[in-house]
Amino acid sequence: MSVLQEAVVDVASVLARHARQGRDLRWTVIAWYAEAGRPLVPGPGVVPEPAWPAVREALLWAMANSRVYRVLEQARTAAGATVEAERDAGRDAFYTEAERAVAHGPAGPPDPAALRRVMAGRAETAVVRGEDAVRRRAAVHLAAAAGMGSGEVGGALLIESLAALLPHLDWSQAAGAAQQAEEDGTFGIGMPNAATGPLALLAAAGEQEMAQARARAQLLAGVGGLRLMYGLLMPDTPALAALRTAIEDTGLAVLLDQMLPLLVDPSGVPHALAACLTPQFQDLADHVHELLAAHAQHSLFTGPGSQHPTAQAYMETWVDAVRTAPVRRTKEHGGQRAAGGPGQGAVVRPYRPADDRPLASGATAAVPVRSPPSSDTRARVRRRGSRRLREPALTNSIREFP
């Protein structure tokens, strides 16, 4: 009797999960690599590793053809132009494409605490409007600074953009330093180094270094997933609450939340790996690992103080909570609209990562999430040879949740 080897069966299982008719095989390789090394369920084995040369080729191809990287390259091309007319035309093209890319990109995962209130039927009827639009404009500013130098946007706008994307950090000292540098004429001197760009980081990484970056990304995504599951009514325990508080105290919890959707979509995997190749994310992953070890000495779910003695009891409680949650569904284009106070259900649209696949892969397109910025937000003024976006007030209006 002829029997397939276990390794062949494992590879066939991976291909069955990720291969799609008409899908470029390089996306399959990336999706396979993202889960390689994880335990197989059920069974004692782990997901096998794909061949490294195929992985490296797929990651470089995906990054080089991603919309994010193309926008960054447009900025660098504009900054490198020696003729003023070409430089101005390049800037205009960059801002147009960057605003389009950001407008059609993912809205990002929801705040876990706010999501939990929505799931429990306690959604606020009004919150500050335009927070998502502010974050998207901030992303355009950071792309301009990364591609054309921080002097392109100026110190005040650069710090304001960083604060919009990482609002739980104290930026007052950085703002003062940026203002002083502008007064001294030293702000924004020098051009961005292309060797530190995402494509260069992926190209320079070897097999072991990339595997370490993947482990960091999986760790950050896993802890970010715990935060998201809290928003989806996962029963809380003393250990989970303490871990969540420790993560939030870092001021960088949003980075963990964003790592999860990057890893579950092949188009986001190269960006997650490139980020985790940087020293900043290495330090963050090390710190999160220490926090996890400190708070998970006993089980996060069934340890001391938990009301659930077994994992089965914990899951049964969670399933019951989701089943009885006062969340009503709607057929109104999957829209999001607040339902009001306690006891009333709230409409929720699940997070959908953007399809940032290269245009060459065939019939793929980004998922629209918000309307593009208005022409007013794209107005630019010249100041010392730079172009900046005029910023409207950030807290002028309110909107219905979310």
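Each residue takes its place number in the sequence, starting with 1.
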- Item | Nearest-0.5 Å distance, CG of residue L157 to OG of residue S150 | 11.5 Å
- Classify the side-chain pair E316/Q312 by whether it contains a donor and acceptor separated by less than 3.5 Å. yes
- Query: What heavy-atom pair brings G147 and A79 nearest, and what distance separates the two atoms?
  - Reply: O-CB, 3.9 Å
- Would you call R17 and V47 a side-chain contact if the rule is heavy atoms closer than 4.5 Å? yes
- Query: Can you tell me how far the CG atom of D92 sits from the CD atom of Q74, to the nearest 0.5 Å?
  - Reply: 11.0 Å
- Note on the structure: Nearest heavy-atom contact between A64 and R70 is O-CG, 4.2 Å
- In Å, rounded to the nearest 0.5 Å, how long is the span from CZ of R135 to CG of L165? 8.5 Å
- Quick one: pull up CD in Q282 and SG in C276 and give me the separation to the nearest 0.5 Å. 9.0 Å
- Worked check of side-chain hydrogen bond (donor to acceptor under 3.5 Å, both in side chains) between Y69 and E73: CA-CA 6 Å; Y69 186 75; E73 283 301 293; 3.3 Å; yes
- Query: Who passes ring pair (Phe, Tyr, Trp, His ring centres under 6.0 Å) against Y230, sequence neighbours left out?
  - Reply: none
- How many angstroms lie between atom OG1 of T278 and atom CG of L273, to the nearest 0.5 angstrom? 11.5 Å
- Message: For the CZ atom of F301 and the CE atom of M234, what is their distance to the nearest 0.5 Å?
- Response: 5.5 Å
- Any V322 side-chain heavy atom under 4.5 Å of L232 side chain: no
- Message: If you compare all heavy atoms of L202 against all heavy atoms of L59, which two are closest, and at what distance to 0.1 Å?
- Response: CD1-O, 4.0 Å
- Nearest heavy-atom approach of I159 to A178 is CG1-CB, 4.1 Å
- Item | Contact check, side chains of M210 and R56, non-hydrogen atoms, under 4.5 Å | no
- Task: Indicate yes or no for a side-chain donor-acceptor contact from E182 to the backbone of G155 under 3.5 Å, with no hydrogens or angles considered.
- Result: yes
- Evaluate the criterion side-chain contact (heavy atoms from CB on, under 4.5 Å) for residue pair L220 and F281; output intermediate values, then yes/no. CA-CA 9 Å; L220 298 177; F281 271 81; 3.8 Å; yes
- Message: Apply salt bridge (Lys or Arg N to Asp or Glu O under 4.0 Å) to residues E84 and R87 and explain how you reach the verdict.
- Response: CA-CA 5 Å; E84 184 176 0; R87 186 163 54 250; 5.1 Å; no
- Task: Decide yes or no on side-chain contact (heavy atoms from CB on, under 4.5 Å) for L142 and L158, but give the supporting numbers first.
- Result: CA-CA 7 Å; L142 290 186; L158 178 61; 3.6 Å; yes
- Task: Kindly indicate, with the supporting measurements, whether the criterion side-chain hydrogen bond (donor to acceptor under 3.5 Å, both in side chains) is fulfilled by Q180 and D184.
- Result: CA-CA 6 Å; Q180 184 63 46; D184 297 340; 3.0 Å; yes
- Query: Quick one: are W318 and M315 in side-chain contact, heavy atoms under 4.5 Å?
  - Reply: yes
- Task: May I ask you to test the L72-V68 pair for a side-chain heavy-atom distance under 4.5 Å?
- Result: no
- Contact check, side chains of L252 and V288, non-hydrogen atoms, under 4.5 Å: no
- Closest non-hydrogen contact found for P235 with T317 is CG-CG2, 4.0 Å
- Please list all pairs passing the side chain to side chain donor-acceptor pair (under 3.5 Å) test where one or both residues lie in residues 243-258, with sequence neighbours left out. R227-E248, R227-D257, D236-R244
- Message: I'd like to know whether the aromatic ring centres of W61 and W27 sit less than 6.0 Å apart in this structure.
- Response: yes
- Do E209 and R214 meet the salt-bridge criterion of a basic N to acidic O distance under 4.0 Å? no
- Task: Give the intermediate values and the outcome of side-chain contact (heavy atoms from CB on, under 4.5 Å) for residues V14 and T28.
- Result: CA-CA 9 Å; V14 170; T28 302; over 6 Å; no
- Query: For the residue pair P309 and A313, what are the closest heavy atoms and their distance?
  - Reply: CD-CB, 4.2 Å
- F94/T77 under side-chain contact (heavy atoms from CB on, under 4.5 Å): CA gap, chis, key distance, verdict: CA-CA 9 Å; F94 159 76; T77 300; over 6 Å; no
- Query: Do side-chain atoms of H295 reach the backbone of L291 as a donor and acceptor pair under 3.5 angstrom?
  - Reply: yes
- Message: Assess whether a salt bridge exists between R136 and E99, defined as any Lys/Arg side-chain N lying under 4.0 Å from an Asp/Glu carboxylate O.
- Response: no
- Item | Whether W52 and Y33 hold their rings parallel, tilted or perpendicular, with breakpoints at 30° and 60° | tilted
- Test item: L256 and L226 side chains (from C-beta on) under 4.5 Å apart, heavy atoms: no
- May I ask you to test the M148-R76 pair for a side-chain heavy-atom distance under 4.5 Å? no
- Does the side chain of E160 pick up a donor-acceptor pair with the side chain of H141 at under 3.5 Å? no
